[in-house]
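Positions are given from 1, in the same order as the sequence printed here.
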Amino acid sequence: MPFKSGDRYREPEANEIEHVGLYFQLGVRRIDQKAFDSICNEGLKTSEPVAAYATASDAQKVDKIAMALALAEAANRWPTAEICRMPHNNPGFDIEIRLTDGSVHYIEVKGTRSHEPRFFISSGEIEYSLAHAAGYSIWIYHSIDLDRKTGILVEHDGAVTDSEFDLCPTQYRGRLKPPRFDRSRQHPGLAHSE
């Protein structure tokens, strides 16, 4: 939230002070309930939607459309190149473009139904983009229409870094700490009938 709404500060007391620099130096300030409610209500109106996981069915449809659009775009851009779609679980990129001059270009494809180019990306995909920045692009198809099988392409050449993208970690890797792990027991498993 910005400090001001128009030419007025959202915190009413700040509007009564001639030099507000010292007022805002304090990281925590008391405000009345009315001002607090007003700021919260404004924040709820303007907050950006958070990217969420799609259903498995929708995710598969979106991925299929994004890949089809990307493969068609690649064939159009590089008609003499060898265009190879990688296996679905390929680490780092989805399409390999082998150009006639011997160079290789890697394309990571993302798809979303969101009207903004929002996507999930793994740390491995980011690391691959950093290691192969000179020959790497990410193509993001947003506003994907499942019925018309269309989307809008936004692309970036080079590494995926926080200077060009808003990158937020969304998952944690976990492991149960000892001593609880030490007290685990073997599960007997399921019986098989012949």
**OP:** Could you tell me the separation between the OG atom of Ser38 and the CD atom of Gln33, rounded to the nearest 0.5 Å?
**Re:** 11.5 Å

Original post:
Does some side-chain heavy atom of Arg98 sit less than 4.5 Å from a side-chain heavy atom of Cys84?
Top reply: yes

Original post:
Minimum heavy-atom separation for Leu167 to Thr161, with atom names?
Top reply: CD1-C, 3.8 Å

Subject >> Step-by-step ring pair (Phe, Tyr, Trp, His ring centres under 6.0 Å) determination, Tyr128 to Phe93 >> reply: CA-CA 8 Å; Tyr128 194 90; Phe93 64 99; 5.2 Å; yes

Subject >> Short side-chain to backbone donor-acceptor contact, Asp162 and Phe165, under 3.5 Å >> reply: no

Subject >> Ring centres under 6.0 angstrom apart (His142, Phe119) >> reply: no

**OP:** Decide yes or no on salt bridge (Lys or Arg N to Asp or Glu O under 4.0 Å) for Asp94 and Arg85, but give the supporting numbers first.
**Re:** CA-CA 6 Å; Asp94 295 303; Arg85 180 180 179 173; over 6 Å; no

Original post:
Among side-chain atoms of Asp145 and Thr150, is any donor-acceptor pair under 3.5 angstrom?
Top reply: no

Subject >> Rounded distance [0.5 Å steps], CD1 in Ile140 versus CZ in Arg118 >> reply: 11.5 Å

**OP:** Under 4.5 Å between side-chain heavy atoms, chaining through other members, with only Ile, Leu, Val, Met, Phe, Trp and Tyr counted: pull out the rest of the cluster around Ile95, sorted by chain and number.
**Re:** Val62, Ile65, Met67, Leu69, Leu71, Trp78, Ile83, Ile97, Leu99, Ile107, Val109, Trp139, Tyr141, Ile144, Leu146, Leu153

Original post:
Is the backbone N or O of Val160 less than 3.5 Å from a side-chain atom of Ser129, with the two atoms forming a donor-acceptor pair by type?
Top reply: yes

**OP:** Taking all heavy atoms of Tyr106 and all of His132, pick out the closest pair and write down the distance.
**Re:** CE1-CD2, 4.1 Å

Original post:
For the atom pair CD (Glu164) and CD1 (Ile138), what is the distance rounded to the nearest 0.5 Å?
Top reply: 12.0 Å

**OP:** Work out which heavy atom in Ala66 is nearest to a heavy atom in Gly111; give both atom names and the distance.
**Re:** CB-CA, 3.9 Å

Subject >> Salt bridge Glu13-Arg8, side-chain N to carboxylate O under 4.0 Å >> reply: no

Original post:
Roughly how far, to the nearest 0.5 Å, is NZ of Lys61 from NZ of Lys149?
Top reply: 9.0 Å

Subject >> Ion pair Lys110/Glu125, N-O distance below 4.0 Å >> reply: yes

Subject >> Donor-acceptor pair between Ser137 and His105 side chains, under 3.5 angstrom >> reply: yes

